[in-house]
Amino acid sequence: MTKRILIVGGGYVGLYTALRLERKLRRRLGRGEVELTIVDPESYMTYQPFLPEAAAGNLEPRHVTIPLRRALKHTRLIVGRVTSIDHAQHTARVEIVEGEDWPVRYDLLVVALGSVSRTLPVPGLAENGIGFKTIEEAIHLRNRVLGLLDRAASTRDPDECRRSLTYVVVGGGFAGVEALAELADMTEDALRYLPELPAKPRWVLVEATGRILPEVGEEMGRYTVDELRRQGIEVLLNTRLESAENCRIVLSDGQEFDAATLVWTAGVKPHPMLRDTDLPLDEKGRVKTEPTLTVEGHRDVFAAGDNAAVPDLTDPGAFCAPNAQHAVRQAKVLADNIVATLTGQQLKPYRHAYAGSVASLGLHRGVAQVYGVKLRGLPAWFMHRTYHLARVPTFNRKVRVMADWTLALFFHREMVALGRLQNPYEEFRLAAGRKQGTLTAAESAQTAKEPAQPSAEATSARASS
């Protein structure tokens, strides 16, 4: 009888688990004894540590994505969204497009949905903010920043110029700091082509606590603040975003100013779909797991990554942090335990001592703390690139990333804003004599077929497992 393994989510845990299962179960998959299926809204996995470099133009955006069909030769891919899980019936409900959904049955289940952006009820945030968890958000942010530079260089309105040149990032974790540093680096390069720009871009980092990058330690966190400020970036600690209505930024320290760009990176939370399952959840909405990565009370369900409360055996009473380092290592143990389940062997617990963290602060600048060794500047930046090059999946993507970096040694990065990619019908509509804002037949048909635009929370969930 064929054993059906269903992996819900194609991010870190989903992809790495499937890759290892394909190696471990190669013969069984070939004989049809095991069937491996993965479900994700996208046909690719995004290697998120490279998002800042993709946004800044150091890497081709497609090179930080891993096509699931190409990487997984013996796994069936369903491009759709799991809307509910009824484990009592061993069934997951999958929505392909609006109005079309159907059940997928399984024998073993892997919950690898990951996380979404953790937002707060800040007025104007949903309307004017953007996250930084997906390749789509990174590309949009790059086009927006460069487009606003062009606007600021062309407008005669000083208020519009000031608003266009003001960029605010909320959240002092890896995503916020690295995105801000890389994009600020990019705008600095762009200034050589904009001699008519009346003022320099203003970058503001807003962090609610008294430190940034807590993963690299307090000393390296202070160094990062000093380094960012040396680059001309405003770092506001112990400060909260109170409002962002009509692009008017209001901060808890009393500052008010206009900003055309607001990036929200203030933490993550487990995927909300977990509430539509009959699996045990903790108070934070994470799936409760045993150290073996099986879900509490269910030996045929596994979970890991950001959506799982995995006990940290190196720190009794604590849980593993929601980061890529744990997700990748948990996926290895999870896959091995699935094989052990199929063969009747004993499952092994997940135990991992945190190795440390590395962060990029722009080109040739970085900060790191690895096994207690503290690095800064060029050595830390080099370690950041080396570590993530080794971790990015597939040899194909490693070569492409290396090629991008090599070419960057000889040529300047591209400074072209392709913001009109967001509205590709506009030019043809104008040529046809239609007014702006009216839909073409193709757009109307597309709108009728596609589900409504997802919320910012749902959009952030893409490729974030």
Side-chain angles (χ1 to χ4, degrees), residues 48 51-52 55 115-134 136-138 140-142 144-145 148 152 159-184 187 199-215 221-222 224-225 227-229 231-270 272 284 306 322 359 361 454-461 464:
Q48 291 182 336
L51 281 183
S115 60
V116 299
S117 295
R118 177 172 56 84
T119 58
L120 298 175
V122 177
L125 175 60
E127 295 78 11
N128 299 305
I130 184 173
F132 198 76
K133 284 179 65 66
T134 69
E136 295 87 354
E137 289 171 332
H140 174 78
L141 193 56
R142 169 181 169 78
R144 181 168 184 81
V145 169
L148 288 170
D159 291 334
E160 177 61 28
C161 177
R162 188 162 46 251
R163 179 167 48 250
S164 298
L165 291 177
T166 303
Y167 310 96
V168 178
V169 177
V170 180
F174 282 113
V177 170
E178 291 190 328
L180 180 147
E182 292 286 355
L183 287 167
T187 58
K200 292 193 66 174
R202 178 188 181 189
W203 287 90
V204 183
L205 177 64
V206 179
E207 168 55 41
T209 67
R211 57 189 294 193
I212 64 174
L213 295 183
E215 295 86 352
R222 288 196 302 267
T224 302
V225 171
E227 178 63 20
L228 293 177
R229 286 173 173 166
Q231 297 175 41
I233 297 169
E234 299 177 38
V235 180
L236 307 179
L237 303 178
N238 298 307
T239 305
R240 299 181 307 278
L241 176 67
E242 301 286 354
S243 174
E245 291 184 298
N246 300 316
C247 297
R248 183 70 176 177
I249 304 299
V250 180
L251 303 178
S252 61
D253 64 359
Q255 290 192 64
E256 291 190 29
F257 52 87
D258 291 331
T261 304
L262 173 62
V263 184
W264 181 270
T265 64
V268 297
K269 63 181 180 181
K284 294 183 178 180
D306 293 2
L361 304 180
S455 64
E457 186 175 89
T459 302
S460 296
S464 64

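Atom set for the values below is all heavy atoms of this structure, side chains included, hydrogens, waters and symmetry mates excluded.
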Exercise. What do the steps show when you test Thr265 against Phe174 for side chain to side chain contact (heavy atoms under 4.5 Å, CB included), and what is the final call?
Worked result: CA-CA 9 Å; Thr265 64; Phe174 282 113; over 6 Å; no
Problem set entry | Pairwise side-chain contact, Ile212 with Leu228, heavy-atom cut-off 4.5 Å (strictly under) | yes
For this session: Give the C-alpha distance, both sets of side-chain angles, the deciding distance and a yes or no for side chain to side chain contact (heavy atoms under 4.5 Å, CB included) between Val204 and Val169.
Result: CA-CA 6 Å; Val204 183; Val169 177; over 6 Å; no
Problem set entry | For Val268 against Ser115, the heavy-atom pair lying closest together | CB-OG, 3.6 Å
Exercise. To the nearest 0.5 Å, what is the distance between CG (Asp306) and NZ (Lys269)?
Worked result: 13.5 Å
Problem set entry | side chain to side chain donor-acceptor pair (under 3.5 Å) partners for Thr239, two or more places apart | none
Exercise. Are side-chain heavy atoms of Phe132 and Pro52 found at a separation under 4.5 Å?
Worked result: yes
Exercise. When rounded to the nearest 0.5 angstrom, what distance separates OG1 in Thr261 from CD1 in Ile249?
Worked result: 9.5 Å
Exercise. Would you say the side-chain atoms of Gln48 pair up with the backbone N or O of Lys133, donor to acceptor, closer than 3.5 Å?
Worked result: yes
Exercise. Does any pair with a residue in residues 161-171 pass salt bridge (charged side-chain N to carboxylate O under 4.0 Å, His left out), and if so which ones, sequence neighbours excluded?
Worked result: Asp159-Arg162, Glu160-Arg163, Arg163-Asp258
Exercise. Could you walk me through whether Val145 and Tyr167 pass the side chain to side chain contact (heavy atoms under 4.5 Å, CB included) check?
Worked result: CA-CA 8 Å; Val145 169; Tyr167 310 96; 4.0 Å; yes
Problem set entry | Trp203 side chain vs Val235 backbone, donor-acceptor pair below 3.5 Å | no
Problem set entry | Of Arg229, Gln255, Arg202, the residue whose pairing with Glu234 passes side-chain hydrogen bond (donor to acceptor under 3.5 Å, both in side chains) | Arg202
Problem set entry | Glu256 vs Arg248 side-chain heavy atoms within contact, under 4.5 Å | yes
For this session: Begin from the C-alpha positions of Leu165 and Lys200 and carry the test side chain to side chain contact (heavy atoms under 4.5 Å, CB included) through to its verdict.
Result: CA-CA 7 Å; Leu165 291 177; Lys200 292 193 66 174; over 6 Å; no
